[in-house]
Each structure stands twice: as C-alpha cells, then as structure tokens.
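First comes the structure, then the notes that go with it.
Numbers restart at 1 for each chain; the letters A, B, ... are given by sequence-line order, proteins then strands. FYI, side chains are in, hydrogens and waters are out, and symmetry mates aren't considered; it's all heavy atoms of this structure.
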There are 2 protein chains.
Amino acid sequence: MAQSFKKIVIFGVGLIGGSFALALRKAHAVSEVVGFGRSAATLEQARQLGIIDRIGEDVACEVADADLVLLATPVGQMAELMARISPHLGAHTLVTDGGSTKGDVVAAARANMGGRISQFVPAHPIAGAEKSGAAAAMADLYVGKKVVLTPLPENSNESVARVRLAWEACDAVVSELTAEQHDAVFAAVSHLPHLLSFALVHDLAQRDDRDLLLSFAASGFRDFTRIAASSPEMWRDISLANREALLRELQAYIGELTMMSSALEAGDAARLEQIFRTARELRAGWAERQGQ
Amino acid sequence: MAQSFKKIVIFGVGLIGGSFALALRKAHAVSEVVGFGRSAATLEQARQLGIIDRIGEDVACEVADADLVLLATPVGQMAELMARISPHLGAHTLVTDGGSTKGDVVAAARANMGGRISQFVPAHPIAGAEKSGAAAAMADLYVGKKVVLTPLPENSNESVARVRLAWEACDAVVSELTAEQHDAVFAAVSHLPHLLSFALVHDLAQRDDRDLLLSFAASGFRDFTRIAASSPEMWRDISLANREALLRELQAYIGELTMMSSALEAGDAARLEQIFRTARELRAGWAERQGQ
C-alpha cells in the first residue's frame, strides 16, 4: 500500500491520533503528517517521537491540499473544529474522526460543515484508552481492533472506501453501522457497563463502613470495577452525548434487576439458576469467539 | 511449625480442601491427612497427588481422634455432614469449614451439632475458584489471601486460636467478623457484583440482536462480565443463602441507578462527573492498597 495518502492532517496527536499516524507510517501509506493541537508541548513531543512531520501553523492552508483530516480531539471540541476547517477543505479532502459516540458528532457535522458534509465520513476506533497522550501512541494500537464507520447518505462510495482504506492500513477490522445503530450498540455493551461499574463503587463510597467493605474486596470486585477507574470527564461527555440510548438501557437494566430481586425474594432457585446459566452460556460463547 | 496437627480429616478434597491439605503439608504442620468425598475417583486422584495419605472408610472412627476436621464440600451438603460427624467427634477435635456464606452454615451447625457446637469454628477462605477439583489444588492457593473466621460465642479462645493457626500455616491473612457482618460485607463486595454481571449478560441474551451487540463488545465488557462465567449452581446457592443481605444491596443499588438515571435525564453534567470522580478515587485508592 505505497503512499495511499500524500498528506494527512491530524487534530489531536494523543493516543488515538498519534497511533493512527504511526500505523499509517509503518504501513508506508502516507508521505506527510501534519499535526495541530492545543498544547505546544504535546505537538513538539509528537514531532520528536516521529508521529508527525510538522506542527501545523495555518489551518486553512494545511487542510486545503490534505488527502485526509482526522479529528482526534475530545468530541466536545469537534463542532468548533468543523466550522474552522470546512470553508478551506480541498475538493478531494476527506475528513474522519475518532469519537466514541456518533449521533452527536454527525449532528455537529450537519450544523457546522454545510455543503462539505459529503466529505465527512464518521468513524469510531474501538481501542482501549487506559493511557493517553502522544507518548502513549503506538503503531500497533489498532491491529485487530474494530473500527466502526457510520457513513452519511451524502458520502460517495469512493469517499467511504478511502476512509476504510486508511483504517485498514492500520490493520483494524472495519465495519459499518448507521450512527443510530452505533449509539444503541455501544450504549448496551460499553456505556451501560461503565455506568454500572461507577454506580457500584459510588454506592460503596457513600457508606461509613466503606473501608471495612473494601478490605474484603477480591478479584471479582477488581474485574467488575476496573472500568470505574476510567476518566470522569470522558464518561460524563459520552453519557450525555448518548443520553437517549443510555437511558433506555438503564431502564431495561433496572427492570432486569427488579425481576431478579423478585426471584430472589421468592426463593425461586430454579429461576435464579436459569438466569445465571443463560448468562454464563452467552458469555462463554462470546469469549470463545473473541479468544478471550 | 512442626506437627501442629497430628491428624486432619477433610471432607471434599477439591480446590479448597485439597489446597488446605497441601499447604499444611508444605508447612510441616500436619502428620496425617485423611480424605472423604462423594467420588471414589477424586479421592484416589487426591491420594495419588499426595494431597491425602489415606481415603477414609469409617467416618465415626476417623473423626474421633482427629485434631481438625475441614468441611470443604458445597455448603448445601454441610448440614448432613455435621449431623453425621457430631456424635463421634473427640473431645479435642475442632471442626472448621470453607463455605463462602456464614449465616446459613452457622444455622446448620446450630441445628445439627447440638452440644458439640463449641467445637465448630466457621471460616471463609477468599480464594478464587475459577478451577475446581483435586487436580486444581495448590499448596500456595492461600498465600497472602484473606481468610475470615466468624467465631461463635460458644467457641473458646483456644479453639479459635487453633483454627487460626491452621489457616495461618497456609500463609493466609486471617481476620475475624461475626457471621452477620461477614454476610453483609460479602453481599456488598462480592455477591452483588456477581448478580449485576449475570444480569447484564442475561439482559442481552433476551434480545434478537444479541449477536450484533456482542460482536462490538470489547475489553470493558470482558472485564465487567468475567464473573458472569461463574458456576450457576454455586451462585444460586450463595444468593439464596445470603438472601436478606443481598436483597438489601440490590435495593440500594437500584436506588443508586435511579438517582444516576435522573441526573442523566436532567443533563446534569456536574453531578455525573462528581459521581464518576468519587467512584474513580475510591477505586484507585483501593487498587493502590491492594497492589492491583
């Protein structure tokens, strides 16, 4: 895949953006990477680490002849960025993003990109973010990881194929959903579990005997609450961005717990065992397919 | 600790009972270990693996001159065992157990051990049970792990000290709670998380699009649902054995989720961030103390 992209511009050269650049470089899929960001120190670090070739100075200039622009900032900053770059995008410049919610990003694009909306192909790379920053960027972050594209009706097939090509050059496994499907899926398998894990620990934090309780917490607690160590700001933003789907999931889950509570109160051993068994079988089948 | 116990009798020579025997042997804290169990094949395997010296034949005989008897069977079998052994216990024979709930085990002891109740010192070794069976037994299973004793008012200090000595010979960290405290603590930090994890996967299992949903599940889901791969029978029994405390925890948690749902519905960013931050800080402090 020699030089599929002559020039790529990346806004936000941290874990997501930096790893994208490193992966494309490793695949010899890009000739030049230009970086923008809020922190001069991070940009300089990214340049020294070989993530970017140059630190961008003039946004209008740089996006005009870019093949691809990646928005890898927090989702909250994307609307403003879209408004800034849209008037200057070249006719063949494509834009993609790394946001973990899609309905809100698409809405921001529709509000801020005007006639350039067909050039924006939204994406969500599913890559763990326990670390952050340019120093955490890795050329193999996306290897074997899923990336979901949520193409717009306005996107041409060629535009979607080009953005897919970029993520595939990172050795990611690319699939497509509508933005609405995407947000419903991730509410169920990612956003809800994060909320539930935060809720358990927050519940314990309110108690006078929390230190006693925690002193007996073991490996089950450790695994269940690992995601409660995630960034409060990021999960505040994700929760609010995907509020409708997440509220539906929360209500369904409260219903599930109420049913389980009734079975427990009634001492219904058969029902409890059947619930646990159904869960274990689905979980085991998933783990086998995932090789985890 | 040379020969602290001349003879130990173990009912159930699987992971819990077998590892107890191996650990005491390694510490040179026991001269002879006799095993009983439901499966002749498992007992023979335990003998060949050097877990036990002999397979017991006559319960009455063997417990009469034992220093210590460990009940390491499923909790549901303990009442019957207690009734069988009690009339034959020597005057100095102590009995302990490895059950993960304590209120129900104590109730079974009161109902079945009569005047021998002072010889029973209940215990709960907190050791992961992902594997089971004699082949899974390890001399170092309990090293650095917590064991909770829940002594009875009838136990003499000497009896509690002897049972503590046995678990400490396994290099476990021994602490004491009342049975009621124990069950309340484990409802909060172990039993509730297991139910919540089972509930999430069971909720997904009911859906027509479960395969699509699961195909996008990633590492957060994996960690959160690891305990949903636990034994349905064992968790049915634990849930029912600790029903009252677990129902209280479930209600508190449903209240927590309802509060979180209201904050989300109101778009209360500050409240959500504060909940997540409080949780993360408590979790981080715990992880640091545990070295996990």
Side-chain angles (χ1 to χ4, degrees), chain A residues 126 128 146 185 188-190 193-205 213-214 216-229 232-233 235-236 239-240 243 246-247 250 252-254 256-257 260-261 264-265 267 269 272-273 275-280 282-284 286 292, chain B residues 126 128 146 185 188-190 193-205 213-214 216-229 232-233 235-236 239-240 243 246-247 250 252-254 256-257 260-261 264-265 267 269 272-273 275-280 282-284 286 292:
Chain A
I126 324 293
K146 289 200 170 66
V185 165
V189 301
S190 171
H194 277 80
L195 248 67
L196 300 181
S197 183
F198 279 126
L200 181 83
V201 184
H202 184 257
D203 185 8
L204 296 180
L213 294 172
L214 285 175
F216 291 102
S219 61
F221 179 87
R222 179 193 63 208
D223 292 343
F224 185 92
T225 62
R226 203 186 307 274
I227 49 182
E233 299 84 359
W235 283 94
R236 171 201 65 199
S239 301
L240 291 170
R243 178 162 62 167
L246 190 47
L247 279 170
L250 260 175
Y253 188 78
I254 289 174
E256 173 79 22
L257 287 189
M260 207 179 250
S261 181
L264 187 57
E265 195 151 18
L272 289 173
E273 185 182 340
I275 293 168
F276 299 164
R277 188 173 303 282
T278 301
R280 185 171 72 159
L282 191 73
R283 209 285 179 181
W286 173 78
Q292 353 216 2
Chain B
I126 325 294
K146 290 199 170 67
V185 165
V189 301
S190 170
H194 277 80
L195 248 68
L196 300 181
S197 184
F198 279 126
L200 180 83
V201 184
H202 184 257
D203 185 8
L204 295 180
L213 294 172
L214 285 176
F216 291 102
S219 61
F221 179 87
R222 180 194 63 209
D223 291 342
F224 185 91
T225 62
R226 203 187 307 276
I227 49 183
E233 299 83 0
W235 283 94
R236 172 201 65 200
S239 301
L240 291 171
R243 179 163 62 167
L246 190 47
L247 280 170
L250 260 176
Y253 188 78
I254 289 173
E256 174 79 23
L257 288 188
M260 207 178 252
S261 180
L264 187 57
E265 195 152 17
L272 289 173
E273 185 181 337
I275 293 168
F276 299 164
R277 189 173 302 283
T278 301
R280 184 169 74 158
L282 192 72
R283 208 291 180 177
W286 173 80
Q292 348 218 1

Q) Where do B:L213 and A:V189 come nearest, in terms of heavy atoms and distance? A) O-CG1, 3.3 Å

Q) So which heavy atom on B:R243 is nearest to which on A:E265, and how close? A) NH1-O, 3.1 Å

(Q) Please identify, among B:T225, B:I254, B:T278, the residue contributing the most non-hydrogen atom pairs under 4.5 Å to chain A. (A) B:T225

(Q) I'd like to know if the side chain of B:R283 reaches the main chain of A:F198, judged simply by a donor and an acceptor atom lying under 3.5 Å from each other, with no hydrogens or angles considered. (A) no

Q: Please round to the nearest 0.5 Å and tell me the distance separating atom CG of B:L247 and atom CE of A:M260.
A: 12.0 Å

Q | Contact summary for A:L204 and B:A188, nearest pair of heavy atoms | A | CD2-CB, 4.1 Å

Q | Step-by-step side chain to side chain contact (heavy atoms under 4.5 Å, CB included) determination, A:W235 to B:E273 | A | CA-CA 8 Å; A:W235 283 94; B:E273 185 181 337; over 6 Å; no

Q: Look up atom CG in A:L200 and atom OG in B:S197, then write down how far apart they are to the nearest 0.5 Å.
A: 11.0 Å

Q. Rounded to the nearest 0.5 Å, how far apart are OG of B:S239 and CD1 of A:I275?
A. 9.5 Å

Q.
Within this structure, what is the CZ-NZ distance for the pair A:F216 and B:K146, rounded to the nearest 0.5 Å?
A. 6.5 Å

Q) Which answer fits B:A284, side chain, backbone, both or neither, if we ask what part of it has an atom under 4.5 Å from a heavy atom of chain A? A) neither

**Q.** Polar side-chain atom of A:R280 near backbone of B:P232 as donor-acceptor pair, under 3.5 Å
**A.** no

**Q.** Sidechain-backbone polar pair: A:Y253 side chain, B:A199 backbone, donor-acceptor under 3.5 Å
**A.** no

Q: Check each atom of B:I227 against the heavy atoms of chain A and say whether the ones under 4.5 Å are side chain, backbone, both or neither.
A: side chain

Q: Inspect the contact between A:E233 and B:R277 and indicate whether a charged nitrogen and a carboxylate oxygen are less than 4.0 angstrom apart.
A: yes

**Q.** Proximity breakdown for B:S190 and chain A, heavy-atom pairs closer than 4.5 Å
**A.** neither

Q | Top of B:L250, B:L272, B:D203 for chain A proximity - count of heavy-atom pairs under 4.5 angstrom | A | B:D203

Q) Yes or no on side chain to side chain contact (heavy atoms under 4.5 Å, CB included) for A:L195 and B:L257, after CA distance, side-chain angles and deciding distance? A) CA-CA 9 Å; A:L195 248 67; B:L257 288 188; 5.9 Å; no

Q.
Using side chain to side chain contact (heavy atoms under 4.5 Å, CB included), reason through A:D223 and B:F224 one step at a time and then give a plain yes or no.
A. CA-CA 6 Å; A:D223 292 343; B:F224 185 91; over 6 Å; no

